[in-house]
Every structure is written in structure tokens, then in C-alpha cells.
Amino acid sequence: MARTKYHPPTIEAKWRARWEADGLYHAREDDPRPKFYFLTMLPYTSGDLHIGHWYAMAPSDARARYLRMSGYNVMLPMGFDAFGLPAEEAAIKHGIHPYKWTMANIERMRNQFKTMGAMWDWPREAITCDPAYYKWTQWFFLKFYEHGLAYRATAPVDWCPHCNTSLAREQVWGEDRHCERCGTPVIKKELEQWFFRITNYAEELLDFSKIDWPERVVTQQTNWIGRSEGLTFDLAVCDSSKKIPVFTTRPDTVFGVTFAVLAPEHPLVAELTAPECRSAVEAYQYSARRLSEIDRLSTQRERTGVFIGSYVINPMSGAEVPLYIADYVLMAYGTGAIMGVPGHDERDFDFAQRHGLPIPVVIAPPDWDGQPLASPYLGDGPMVNSGHFNGMPNSEGWQAVADEMESKGIGHRDVQYRLHDWLISRQRYWGAPIPIVYCDHCGTVPVPEDQLPVLLPEDAEFLPTGESPLKLHAAFLNTTCPKCGAPAKRETDTMDTFMCSSWYHMRYTSPGYDQGPFDPARYRFWVPVDQYTGGIEHATMHLLYTRFFTKACRDIGIVNNDEPMRRLFNQGIILGEDNEKMSKSRGNVVNPDDYVATLGADTTRAYLMFIGPWDAGGPWNSRGIEGVHRFLQRVWDVVTSPPKTGAHGPEPADVVALRRITHKTIRKVTDDIEAFRFNTLIAALMEFNNYLLKAKRTAVVQSDAWSEALRTLVLLLAPITPNLAEELWERLGGQYSVHTQQWPRVDDSAVTDETVVLIVQVNGKVRERLSVPPGLDKEAAEALARDSARVQRHIASLGSPRVIYVPDKLINFVGE
RNA sequence: GCCGAAGUGGCGGAACGGCAUACGCGGCGGUCUCAAAAACCGCUAGGGGUAAUCCCUGUGUGGGUUCAAGUCCCACCUUCGGCACCA
């Protein structure tokens, strides 16, 4: 067979240039087709493109291309998350300014991205470190401030000693509480910082009814927000007018309270400590402060604490119980104080044992003999030792006790969340400056809108200590008060980069717009994002922040949608050939450029999609990509090599069979791409192509069905391998561009089977396969099956078996 | 500890409760070649059997439901991810 070689570099360079010159992928608002906003999480400007970028983006592009061929006006933008610490590290290490470093990286990455052959709408590009962009990031901050959603407070915050900055709680990970970016364990620091009131939205953020997001993300966000229902009530302090509010999720156990505990840093400790206890209490507070958070949070630790010399009154039983401080009680949750119910709480049980406190039972375990408990009882049961609630099932008692405490004015039903406000201050240079000025006379003064952006000074000095250069930059720091004109100081902290990425999807709708962060009309045209894709690692960071951001903007009146992204898909992680996470130190990093230069972008794209389910990720395999390349070479052969021609015309049965597999393949590929199942989609195309390779040796190549099959193959490949498809489409005489063609439609009449394979089982074991016409009735099927010698051999000993018949599928003879 | 996902050939992985292992990699055999590579063709779960269109066993483990279970239910084991003194 005469064979021309498939040469990707030539084809890919040719079509890339043509598409760019034609503006083939620029989405317009005057397009009459229904809009579809397709978005992939924007990449950080780390330098070189990684195979992980390809893995995240190539399948998204394929899906976006499919939607475009299916009649949508698809917008697929691209931009860069360009603020962040690595730029500063490069400045310290190599003496190159963060701006230069970042822009050089963007230049390189953009060129690498362009080799992917994706349908990105480059004119919409947004770069978050561009003053024309961060001007609006600052504008959003001012709007939040104006509406009480941004505030400054002193709090013990997570501090990364390596990055030299505070972090949001969402950015501290794992059991060892490490920095999400650099892996260094964090420490606690008492600092005055800016926060966003994301907790105002805790309840609404738990509502996922307007979005179609993966269950995993919904669960993670739900757990992170951590809603719990309970009761808040006051414990009155004996011989004092003071009351200590406590929160409990177990009002049914209030009668079992035998002590109460304050967090060591609770504001009432000093006041309620008896003189004879003072030295012990202060010593305990001191040691608690010194403990790292890791130690303090360890559930393995013994539950230490000290009595502070005061007593509180159990409002239900009237009992007076001792008051302790203990570091297992956290100031940051609830009221920073708890009631101690040792009989029915593991931590309280431990604590009571250590301190010789009584452990009464107030909910009876099954078969309880009245003896003291060997371990806390956490299950349900009837209430005991609980006054007039005795005998009531505790589940009922929960409500009954709460009702009584509410009616007596002792307490009220309450909801607590684990979610904290979002800490956005970063003690770094390379971020959007927080547009605030501190004036001795006027206090905290927002920078007026017409003075935005607050520009980052270009002549900053980067110190090897990692200190933020802004703190030491006199010209930046010293300013005048926008209100009174007196000398004042600028805020030197910059904003968390997650602030920039919370609204980039808004900017893409109208890049370059200068009357606001976006053009409202174009925003309404495109937003919400119809399909978002990205890594699961952002579940409780970016994906939570951006939802908050949209809701806050809605309440301020900036937008009118409730959610930023309607659908979400999380792709997995591509691993090295050794099945380990790719890293330079392991030496298992795959460089996409190498494969693009040799096997081509199309092969690289198709291989990444073929590896396995997209959400599963998986190991790279250098032999595997060669297999996919062979497949594309065979596609090239089928389409381009001249067919044999013979004297005989095509067999009608061959034509019918060819049309059947053609249209079955259309159906399979369409279903798979709708469900993001790229791996089985490509497998179906391989099967189709294998069939065509064989069919090509027959006279069927002289039929119209043959050219239909070739056109179909190329159209179905277009989203996966856009360059190859464009080239083959041209060679088939198709009109430019293959990417503006209509997606093939299934001809149902072509798909209908003339015969089906009927499985014949005896006692559930397959004994025969019969080719029968579809729609056979039970009697006819049974008769046919009983005709088979093999079936007869196996049913001979069964007597008169039961017969299970599933039309067109299976017939099963079952004995005894 | 709690929540979630997943365990299938030598490997990556397929499989509306109905033929387990599609597709690809690797391996084996063949064609072509002086030879090799490439390409192409065929075989490839394990065991038994001279052989068959033969028989048996097989989807992490143990039970169960069903004519029929990789798939549904219960219990467990392992791996990965998230949360973790959250009252």
C-alpha cells in the first residue's frame, strides 16, 4: 500500500497559523447561537508548561470544540494568575524584578499553550498582575469595605515562617498544619489583619441546589463550613454577677454537667480566677500559649487543665460545679467555653477521670446495671438522673430540654459554623495592594475610587530575609490622608491572590473595559460559567471563595446571579511513569514540548485523553503514547491512501454493516464526550478505524457509505485531534473549517441490527450463542435454543427446567 | 476517630443486574528482509485436556439477595483524598 507519512509538525504549524489569522475561535456577543461559557482554572505563571497543564486543558478544549460543533456560541478564554510568592523568590534569588520574571514566564507559557492547538479566545486574555486588572481587584475590596464585608481585626493567625506571611485557614493543610504552597508547618501569630465576612454566607454557601458540582466538592465544602445545631445558654458564676455563655449540641445531657471549662485565652479567666489559684492558672496559660497548634490539636494528647477557683451553676439541676481552664477548649469555636458532660462525651470523660470528677449517667445505655461507666456512652437511650425528663428517650429529650430552657429564658437554639472569616492580608510585595490609608486624625480611610489603582512601586528592594519590600519603601508607605490631607501611612499588606482569581471569570466577558471591572451587558450575556473544570485541590479554597465573591457582589448590587459556575468537573492528576507524583527531584517529569516536537500536539492530546477516566488521573507511559500515535498514523492511512478498485461493486450487506458501525460510533462518541469519557471515546474511534482498515480491502470503498464513514471519522476526531482533522478534512475535499462543521447526527435506521446474539445459558453458564432476528418471542427462542446440540447435552439431565427469557439478550434454562 | 472515592489480566484500563477483561501497552508467533528496525497479520486471564465450537476456576476478603452479581445489600481488609479536641 502506498503510504504517505503523517507528519504532525508540518500540519500543526500550518493550521495554527491559519486559525489565528482567521480569528476562528473568537467568541462574539452578536452570535445568534445559544451562548456557552467554558472555563478552565487559570494557570499560575510558574514558568514552563507542565504535562499537568495539558492534562487539565486538552480535554476541556475537546469538549468545548464538541459544543461548538453542536451549535453553541462557545467562549473558551485563557489568562494568567500572575501574582504570588515565587515571583518574589526569583527576585531575591536571581535579582530579577517580579514583573519582568512574570511577564517573561507568561510569554513563554503563552507560546507553549499555542502549540496545543486549543480554541482559546486569546483576545480575551487577562493577567491579574496588570494594573488595569488589579485596579478592579482593589475596587472590589473597597466595595466590600463600604458594605461591611471587609474588616480589620487582631487575631491569632496562621503564619508561614518560610513565606513570611499570614495565611487563610483554608491555606493551611494536613495533620501537621503546613502551608499549602511551600509545605512548611505554620505557627500562630497575633496580628492585625484584614478579613472578609464569608461567615455571613455560611448558610447560603451550604445550598448547592443551583449548581451541578461533583459530590466530592459539595461534601468537602459542607464539612469545611461545618454547621452544627444546638443550644447556647449561660452558666451563672457563683458569688458573681458574671455569666459564661456556652454552646452545646447535646441539650439532652445538660443534667450530666459536672464541670465547665474555659479556653485558656478566654477573656473572663483573669477575673474569675481565685487568688490562691492564680499562679497555677497563669503558668498553665503560659504553657498553652507556647504549644504549637499541632501539639494542641493532637487528639492523642492528655487532656490537661487547671481549676481556677470559681464555680458555676447548672441551670437545669441547680448543681454547683467547678470551673477549669483547659487547652482542649478552643477560643475560636463557639463561645470558647463548654459544659463538661463526662458521661456522654469522650473528651469530657478523659478530663473528668484525670481530675477525679464525678461521671454521672444521664442517658442509660442498653442493659445498663446502674454501675459507673467504663467509657463514655455516646448512643441513644432513655434519660435518667434528669429530673422530670427521666424516662424520656433522649432524642425527644433534646427538643424537650431545649424547649424548656428557651421558655424559661435560660438559653436559645443556635447554629454554629466551623467556617472562619477569610483572612486576605499577605505580608508580601507581589500582590494587589490593599487600598487603605491610616491617618492619625481620620483613622482607617479607604483610597477613593478615582485614585485607583494603588500601584506597586517598581523600584522595590528585595531583601534576602523575605521581608515585604513595601514595609521599607518610604515613598509608598508615606502618603497623605485622602480625607484631611495630613501625612498618613499606606497599608503595606497585599491581598491574597485568591482574591484575584475570585472574579477573573467576570473579566473575561469584557477585557479592556475601563468603566468598571466588567461591562454589565456583556457580563449578563456570558455569566454564569456553564462549564468549569479544574483540580479538586481548590475545593475549599478558590471554589469556596469565588462562590462567596459572587454572592457578596450580588448583595452589593454589582451582579444579579447567585452562583458563578453552573457545572464543575474535576480532572485527576497525571503521574510520572513510576506511578509517583511528578517532581524534579524524582526525575520523572514529562516535558510536553518534547512530545509535541516529535509525535505532535494531536498525539499528546489524544494520549492524555486515552490514559483512563479524566477524573482519575494516572501514570504517564511513553510506550502508550506511541500506541496512540500509531492509531493516528492508521487514521491517516485510511483517509489518504488510495483504495483498491475492482471489477465487482460493493456487497449490499457490507454497505449496511459499514453504515451500522459508522452510526453506532457517532452515538458512542457523542454519549462519551457528553459524559467526559474521553478514554472510551477514543477506544470507540480505534475500533471504528480498525474496521475501516479491513473494509478498505473490499469493494465497499466504492460505495457512498465509504465516503460517509471517512467524513464521519474525521468529524468525530476534530475535537480530539484538531490539526489532523483539519488536514484530513481538506484532503477529503471538505469546506474549511472542519471545526465549523455540524456535529454528525445518528441515523437511527442505520443502527438497527438485523440479527442479535442470543446468549443461551444452562444453570447460569453460557453454553451457546445464537444469532437470531430481534424481537423473537419466548417459545421461538426456546425452540431454537433446544435445537442446539450443545444445549441438549447440558439440559439432558435437568428434567423440565424453568426458562428465563430476556428478549434479544439471553435465555437461561434452570434446573432444580 | 469521622466523611468521601477506589480495589478487575504482566501494565493503563472496558463492562444499562445478562458473553468479565473492549481499546491500548507489553509479550509470543508469523509476513516482509541477507539481517535488524519499522510496518502489517495472528495469538495472548489462570488451570486441566492429544484436541475441540471441551471442562473447571476466576473482578480485595467473608456472607447475603437473584434464574443470573465486577455491578445490588451487610460485615471486613487495603489504598488514596478530605476533616479532625468544632463542644
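Just so it is clear: chains get the letters A, B, ... in the order the sequence lines come, proteins before strands, and each one is counted from 1. On a predicted model such as this, the values are computed, not experimentally measured, just so you know.
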*Interatomic distance where CD belongs to Glu229(A) and P belongs to A87(B) [whole Å]*: 12 Å
*asked:* Partner lookup for A38(B), please. Criteria are Watson-Crick or G-U wobble with both distances under 3.5 angstrom; report none if nothing qualifies.
replied: none
*Could you state the CG-P distance from Asp327(A) to A84(B), rounded to the nearest angstrom?*
17 Å
*If the C1' atom of G64(B) is compared with that of U50(B), how far apart are they to the nearest Å?*
43 Å
*Base-pairing assignment for C85(B) (Watson-Crick or G-U wobble, both under 3.5 Å)*: none
*So what's C32(B) paired with, Watson-Crick or G-U wobble, going by both distances under 3.5 Å?*
none
*Look at the side chain of Val766(A) and decide which nucleotide, out of A22(B), C40(B), C19(B), has an atom nearest to it.*
C19(B)
*Under a 3.5 Å cut-off for both distances, is U50(B) Watson-Crick or wobble paired, and to whom?*
none
*Verify the distance criterion only: is there a donor paired with an acceptor across the side chains of Tyr284(A) and Thr304(A) at less than 3.5 Å?*
yes
_Donor/acceptor link under 3.5 angstrom from Arg769(A) side chain onto base of C19(B)_ = yes
*Where the side chain of Arg177(A) is defined as all heavy atoms beyond and including C-beta, which of U57(B), A84(B), C41(B) is the nearest nucleotide?*
A84(B)
*Taking N and O atoms by type only, does the side chain of Asn812(A) place a donor or acceptor under 3.5 Å from a partner on the base of C67(B)?*
yes
*Output yes when at least one side-chain N/O atom of Arg418(A) is less than 4.0 Å from OP1 or OP2 of C83(B), else no.*
no
*Whole angstrom value for the distance that separates P of U79(B) from NZ of Lys581(A)*: 20 Å
*Side-chain donor-acceptor pair present, Ser395(A), Asp380(A), cut-off under 3.5 Å*: no
*Centres of the Phe351(A) and Phe259(A) rings: under 6.0 Å?*
yes
_Complementary nucleotide of A22(B), counting Watson-Crick and G-U pairs under 3.5 Å_ = none
*Are Arg605(A) and Trp54(A) in a cation-pi setup, meaning NZ or CZ lies under 6.0 angstrom from the ring centre and within 45 degrees of the ring axis?*
no
*Counting heavy atoms from C-beta on, name the nucleotide in C3(B), C25(B), A14(B) closest to the side chain of Arg623(A).*
C25(B)
*asked:* Could you identify the nucleotide paired to G9(B), looking across every strand shown and requiring Watson-Crick or G-U wobble geometry with both distances under 3.5 Å?
replied: none
*Is His420(A) near enough to C86(B) that one of its side-chain N or O atoms lies under 4.0 angstrom from OP1 or OP2?*
no
*Below 4.0 Å: OP1/OP2 of C25(B) and any side-chain N or O of Arg630(A)*: yes
*Counting only side-chain N and O atoms of Arg216(A), is one of them less than 4.0 Å from OP1 or OP2 of C3(B)?*
no
*Quote, to the nearest angstrom, the C1' distance that separates A68(B) from G10(B).*
31 Å
_From C-beta outward on Arg347(A), which listed nucleotide comes closest to its side chain: C23(B), C40(B), A87(B)?_
A87(B)
*Does G9(B) fall in syn (glycosidic angle within 90° of 0) or anti?*
syn
*What is the distance from atom CZ of Arg634(A) to atom CG of Leu692(A), rounded to the nearest 0.5 Å?*
12.5 Å
*G17(B) - base-pair partner by Watson-Crick or wobble geometry, distances under 3.5 Å*: none
_Check this one for me: any side-chain N or O of Lys765(A) less than 4.0 Å away from OP1 or OP2 of C19(B)?_
no
*Residue-phosphate contact under 4.0 Å: Thr680(A) side-chain N/O, C23(B) OP1/OP2*: no
*asked:* Can you tell me the base-pairing partner of G62(B)? Count Watson-Crick or G-U wobble geometry only, both distances below 3.5 Å, and say none if there is no partner.
replied: C74(B)
*asked:* Between C74(B) and G13(B), how many Å separate the two P atoms, rounded to a whole number?
replied: 27 Å
_What is the distance, to the nearest angstrom, from the CG atom on Asn679(A) to the P atom on C11(B)?_
18 Å
_Aromatic contact between Tyr545(A) and Trp422(A), with the criterion being ring centroids under 6.0 Å apart: yes or no?_
yes
